[in-house]
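Each remark here refers to the structure printed beneath this line.
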Amino acid sequence: MQFTLTATTVLAGLISVVSALPAVHVARDDPVALKSNTFILYATADPNAATPLTSFYGQVSYANSSAYIGDIKYNTYSEPLILSYPDASVGRLSFTSYHSAPTGWQNLLIFPTENKGISFTIPHSGAVPPTAAVSGFTVDVGGTELFGYNGDTAKWFACPVEGYADGIRQIVYNGAGEAVSTGCTKVTLKASPYGVPN
């Protein structure tokens, strides 16, 4: 007995097998599911802010080892800031630049007691400045998906940077708890899953 398989027969068989598989859905309110995913950040101005950000592109971008919003996205050296949790138990975040080798990961860091922009470790290095923190980053998964440090989501600002165009703002962590630079706007950072269906 001889069997002849046609492309149509094989395709029909594959479709029936795939359609019989159970659907996979990542629950966005499950902290383990969200932390196991890669995500991007969006900045939204505080509605009571003295300096509004009405015309700024809100997706956070990576450039020059920091995080920015606005027109930075038009520069060839910038790219979307795509973060992942390699170690969700301690809230450590990593990032690998398009402009780096696949092993050139960097850890996101802030200075918890200073007013400084988000920073990153040097690619291929785990070296951390003495007063910096690379762990403790959190995403409130109770529906808001706000990004913070040790659960505090209210210390982020978008600030103008000397030497950059007016349409660019750097994301700054207000760790010192004192007044930030002139022209800064209080923002919230919201995590949005990247690469998974909503």
Side-chain angles (χ1 to χ4, degrees), residues 18 21-44 56-112 116-128 132-158 168-173 187-198:
V18 170
L21 293 174
V24 176
H25 177 72
V26 176
R28 294 180 69 181
D29 59 353
D30 176 3
V32 175
L34 182 63
K35 288 182 179 181
S36 67
N37 286 315
T38 302
F39 61 92
I40 55 177
L41 295 173
Y42 286 93
T44 305
F56 281 81
Y57 177 71
Q59 182 176 331
V60 179
S61 297
Y62 170 88
N64 299 326
S65 290
S66 193
Y68 300 87
I69 60 170
D71 294 342
I72 194 84
K73 71 175 188 164
Y74 297 117
N75 293 299
T76 56
Y77 58 84
S78 76
E79 61 191 281
L81 178 59
I82 303 168
L83 297 167
S84 63
Y85 272 106
D87 187 352
S89 65
V90 295
R92 184 171 293 194
L93 295 166
S94 71
F95 166 74
T96 303
S97 172
Y98 295 157
H99 305 287
S100 180
T103 59
W105 55 268
Q106 298 171 263
N107 288 326
L108 182 139
L109 62 89
I110 60 165
F111 294 85
K116 285 191 173 182
I118 287 177
S119 243
F120 293 85
T121 58
I122 296 168
H124 303 283
S125 168
V128 178
V134 293
S135 60
F137 297 102
T138 56
V139 175
D140 173 14
V141 294
T144 64
E145 295 171 339
L146 294 181
F147 179 72
Y149 175 67
N150 285 336
D152 189 348
T153 62
K155 291 188 175 182
W156 303 110
F157 284 81
I168 297 172
R169 296 288 185 272
Q170 183 180 30
I171 302 299
V172 171
Y173 183 75
V187 295
T188 55
L189 298 178
K190 183 173 182 175
S192 181
Y194 179 82
V196 295
N198 289 332

Euclidean distance, Asn75 CG relative to Asn64 CG, rounded to 0.5 Å: 8.5 Å
Residue list, side chain to side chain donor-acceptor pair (under 3.5 Å) with Thr144, at least two apart or on another chain: Asp140
Nearest non-hydrogen partners of Ile69 and Gly58, listed with the distance: CG2-O, 3.6 Å
Polar side-chain atom of Thr121 near backbone of Asn107 as donor-acceptor pair, under 3.5 Å: yes
Distance (rounded to the nearest 0.5 Å) between Asp71 CG and Arg169 CZ: 9.5 Å
Pairwise distance CZ(Phe137) to CG(Leu109) - rounded to 0.5 angstrom: 7.0 Å
Ala43 to Val60 - nearest heavy-atom pair and separation: N-CG2, 4.3 Å
Minimal non-hydrogen separation, Ala191 against Phe39, with atom names: CB-CD1, 3.6 Å
Pairwise side-chain contact, Leu146 with Trp156, heavy-atom cut-off 4.5 Å (strictly under): no
Partners passing side chain to side chain donor-acceptor pair (under 3.5 Å) against Thr153 (at least two apart in sequence or in another chain): none
Test side chain to side chain donor-acceptor pair (under 3.5 Å) applied to Ser66 - qualifying residues, sequence neighbours left out: Gln170
Atom pair OG (Ser100) and NE2 (His124), whose distance is rounded to the nearest 0.5 Å: 4.5 Å
Where at least one partner belongs to residues 59-79, residue pairs that pass ring pair (Phe, Tyr, Trp, His ring centres under 6.0 Å), sequence neighbours excluded: Tyr62-Phe95, Tyr62-Phe120, Tyr68-Tyr164
Sequence-distant partners of Ala154, side chain to side chain contact (heavy atoms under 4.5 Å, CB included), two or more places apart: Asp152, Lys186
Residue pair Phe111 / Tyr173: nearest heavy atoms and the distance that separates them: O-CD2, 4.0 Å
For the student: nearest non-hydrogen atoms of Pro80 and Gln59, plus distance: CB-NE2, 3.3 Å
Separation of Glu145 CD from Leu41 CG (nearest 0.5 Å): 11.0 Å
Straight-line distance of Arg92 CZ to Ser135 OG, nearest 0.5 Å: 5.5 Å
Ser84 (side chain) donor-acceptor with Thr38 (main chain) under 3.5 angstrom: no
Closest contact, heavy atoms only, Thr138 versus Gly151: OG1-N, 3.1 Å
Contacts of Ser97 that satisfy side chain to side chain donor-acceptor pair (under 3.5 Å) - sequence neighbours left out: Glu79
